[in-house]
Amino acid sequence: MSKQTSRRDFLQQFTGGIGVTLAALSVTDSHAAAIAPMTDGKKLGVALVGLGSYAKNQLAVALEKTANCYLAGIVTGTPAKADEWAKKYNLDKKNIYNYQNFDQIASNKDIDIVYVVLPNSMHKEFVLRAAKAGKHVMCEKPMSTTVKDAEDMIQACKAANVQLGIGYRMHFEPFTKEVIRQCREKQVGDVRFIQTNFGFNIGDPTQWRLKKEMAGGGPLMDVGIYCVQAARYVTGEEPLSVTAQYGPVTEPAVFKDVEQSISWQLEFPGHATVNGFSSYRSNIEQLYVSATKGWIQLSPAYSYGPIKGSTNAGPLNMPVVHHQTVMMDEIAKSFLTTGKFPEHINGEEGLRDMRILMKIYEAAATGKKLSLV
Ligand code: NDP
């Protein structure tokens with residue numbers, strides 16, 4: 001596909017697979033300039049596992065535009081989706097799997113990367129099976145539902161000598177990258193305080209996101225993880241300690257298994273304090289950084305965009321991109337040039353977040369200030 005034709009208007013849905021808002025926007029050409037196809041024309045074949053909302057509305061859309069990778073296969077438990085996707089994306093029949101015959105992917109040379117987009121509790125099984133099949137693996141956030149599972153996933157990929165990446169798309173998003181640059185280069189001075197919130201009004205009360213066994217927890221696992229990530233990528237540090245509080249439950253029938261909302265506070269070695277909040281009943285999305293020489297804010301900060309930014313010096317103007325397209329192209333480019341996925345989205349990065357998320361829950365349950373070191 002030519003770069004010109006791939007820069008077209010597209011529809012994007014708000015995060016969480018809930019389809020809260022729809023916004024049409026025009027993507028700038030910045031992505032075309034940033035990611036050129038590799039000179040030898042090699043494109044990595046990607047197989048998506050679990051054809052739900054995120055795979056369908058974001059990743060498949062991205063893989064139609066990417067220069068260095070493409071949708072080569074699918075793994076689904078729903079035969080009707082297999083037919084629909086095969087037709088829509090002109091997929092080779094031999095590249096279509098279900099959850100039972102998935103392991104046969106080992107002998108499929110068209111597939112370089114298996115991308116796990118299943119409910120959180122299923123990530124581990126499919127990452128382990130993909131690694132055993134000798135495929136590099138991308139896995140959605142949160143990488144697992146327990147710290148032990150995250151450790152096992154990293155170990156399995158190491159043992160199989162395959163790459164493991166987590167779908168942390170904000171690392172490739174221009175506004176986010178600019179906030180990181182300004183903070184790390186101390187353009188705004190020393191970061192002292194971060195307020196970071198992400199919540200949305202959850203729909204269908206029967207969905208897996210509201211079942212602890214499948215989701216691992218509530219909004220903290222689903223969207224609060226963006227706030228924890230942001231605190232770490234803005235400061236470039238690992239937190240020392242955590243306190244946390246569960247919010248009130250106003251609908252016990254809906255929130256019987258996972259929290260309705262949660263707040264937490266992290267302390268960092270460079271003296272930054274972070275206030276985080278996540279909810280399944282508040283539409284909120286913000287990253288506010290206060291530093292000794294100024295402030296910088298993104299809001300919206302984490303959904304599919306457009307991300308908007310401002311600073312004490314005026315508005316922040318950066319290119320608007322399709323997050324998943326840039327992410328997949330940069331990951332593929334990194335692999336094609338170095339043999340590795342980018343370090344800042346690797347399995348260890350996912351594990352660090354898992355450790356913090358679990359400590360936030362422990363701190364909320366015990367009411368204690370807990371050490372993270
Ligand atoms: P969905 O519920 O929309 O889709 C999940 C898919 O998994 C289903 O459509 C189904 O696909 C498959 N599946 C297999 N077994 C089950 C089961 N028991 N229950 C439900 N689904 C099952 O979820 P999302 O696409 O919204 O989320 C998937 C993952 O992606 C999650 O880990 C989530 O956190 C992450 N995500 C990441 C986002 C980001 O911005 N990085 C945004 C949204 C989600 P099939 O019919 O093909 O078998």
Side-chain angles (χ1 to χ4, degrees), residues 12-21 47-62 71 73-86 88 91 96-102 114-127 129 137-145 149-150 153 165-173 176 198 200 202-204 206-211 213-227 229-230 258 278 280 285 300-305 307 322-328 331 345 349-350 353-354 357:
Q12 57 183 189
Q13 281 183 299
F14 188 75
T15 194
I18 313 300
V20 175
T21 61
L48 295 175
V49 186
L51 308 181
S53 169
Y54 193 58
K56 179 178 176 184
N57 299 318
Q58 299 302 330
L59 294 172
V61 173
L71 182 67
I74 51 172
V75 184
T76 177
T78 310
K81 288 186 192 171
D83 295 341
E84 183 197 325
W85 282 59
K88 185 167 180 190
L91 296 172
I96 299 172
Y97 298 88
N98 57 41
Y99 302 127
Q100 287 71 43
N101 67 17
F102 167 66
V114 164
Y115 196 145
V116 179
V117 206
L118 292 159
N120 306 342
S121 62
M122 299 174 74
H123 291 177
K124 179 185 176 180
E125 176 189 340
F126 282 84
V127 167
R129 286 170 71 180
V137 202
M138 281 296 298
C139 176
E140 257 318 311
K141 45 57 54 179
M143 76 183 280
S144 59
T145 53
D149 282 358
M153 291 155 79
I166 313 301
Y168 285 141
R169 60 188 161 78
M170 301 316 297
H171 284 261
F172 306 93
E173 192 284 315
T176 307
F198 197 6
F200 67 99
I202 200 159
D204 178 8
T206 65
Q207 66 184 282
W208 64 262
R209 280 183 169 79
L210 291 164
K211 296 180 178 128
E213 205 190 337
M214 295 198 78
L220 178 65
M221 296 295 279
D222 194 29
V223 288
I225 186 170
Y226 286 87
C227 305
Q229 263 277 304
V258 301
S278 183
Y280 272 157
E285 201 189 322
Y302 305 117
S303 59
Y304 306 145
I307 304 297
H322 184 239
H323 300 183
Q324 294 78 6
T325 306
V326 181
M327 175 183 80
M328 288 311 294
I331 289 168
I345 56 118
E349 187 66 12
D353 283 342
M354 282 304 300
L357 295 177

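By convention here, the first residue in the shown sequence is residue 1. Order of listing sets the numbers, starting from 1, for every ligand and every atom in it.
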Atom pair OH/CZ of Y280 and R209 - distance to nearest 0.5 Å: 6.0 Å

Heavy-atom check, side chain of F172 versus side chain of M328, under 4.5 Å: no

Mutual orientation of the aromatic rings belonging to F126 and F102 [parallel < 30°, tilted 30-60°, perpendicular > 60°]: tilted

Contact (N/O only, under 3.5 Å) between M214 and ligand 1: no

Approximate separation, where rounding is to 0.5 Å, of T76 OG1 and L118 CG: 9.5 Å

G50, any N or O under 3.5 Å of ligand 1 N or O: no

Among I74, V117, T78, I166, closest by any non-hydrogen atom to atom 28 (C) of ligand 1: V117

Residue portion contacting ligand 1 (non-hydrogen atoms closer than 4.0 Å) for M122: side chain

Numbering as shown, the atoms of ligand 1 that approach P119 to under 4.0 Å (heavy-atom distance): 5 (C), 7 (O), 13 (N), 19 (N), 20 (C), 21 (N), 22 (C)

N120 neighbourhood, listing ligand 1 atoms whose heavy-atom distance to it stays under 4.0 Å: 31 (C), 32 (O), 34 (O)

Enumerated ligand 1 atoms positioned under 4.0 Å from heavy atoms of G167: 41 (N)

Ligand-residue contact atoms, ligand 1 with G77, heavy atoms, under 4.0 Å: 45 (P), 47 (O), 48 (O)

Ligand 1 N/O within reach of Y99 N/O, cut-off under 3.5 Å: yes

W208 contact mode with ligand 1 (heavy-atom cut-off under 4.0 Å): side chain

Distance-minimising heavy-atom pair for G167 and E140: CA-OE2, 3.8 Å

Close approach of H123 to ligand 1, heavy atoms, under 4.0 angstrom: yes

Aromatic plane relationship, F198 with Y226 - under 30° parallel, 30 to 60° tilted, over 60° perpendicular: perpendicular

Within reach of ligand 1, part of W85 (heavy-atom separation under 4.0 Å): neither

Polar atom proximity, L118 to ligand 1 (N or O, under 3.5 Å): yes

Proximal ligand 1 atoms for Y226, defined as those under 4.0 Å from one of its heavy atoms: 38 (C), 39 (C), 40 (O), 41 (N)

Atom pair CD1/NZ of I74 and K88 - distance to nearest 0.5 Å: 11.5 Å

Heavy-atom nearest option to atom 33 (C) of ligand 1, drawn from K141, Q207, K211, M143: K141

Among H323, K81, M327, M170, closest by any non-hydrogen atom to atom 9 (O) of ligand 1: K81

Non-hydrogen atom of Y115 closer than 4.0 Å to ligand 1: no

Any side-chain heavy-atom pair of Y302 and C227 under 4.5 Å: yes

Enumerated ligand 1 atoms positioned under 4.0 Å from heavy atoms of R169: 39 (C), 40 (O), 41 (N)

4.5 Å side-chain heavy-atom contact, Q58 and H323: no

Option whose closest heavy atom lies nearest to atom 44 (C) of ligand 1, chosen from E140, Q58, R209: R209

NZ/NE/NH1/NH2 to OD/OE distance under 4.0 Å, R169 and E173: no

Nearest-0.5 Å distance that lies between atom CD in Q324 and atom CD1 in I331: 10.5 Å

Between CD1 on residue I202 and CG on residue D222, distance to nearest 0.5 Å: 6.5 Å

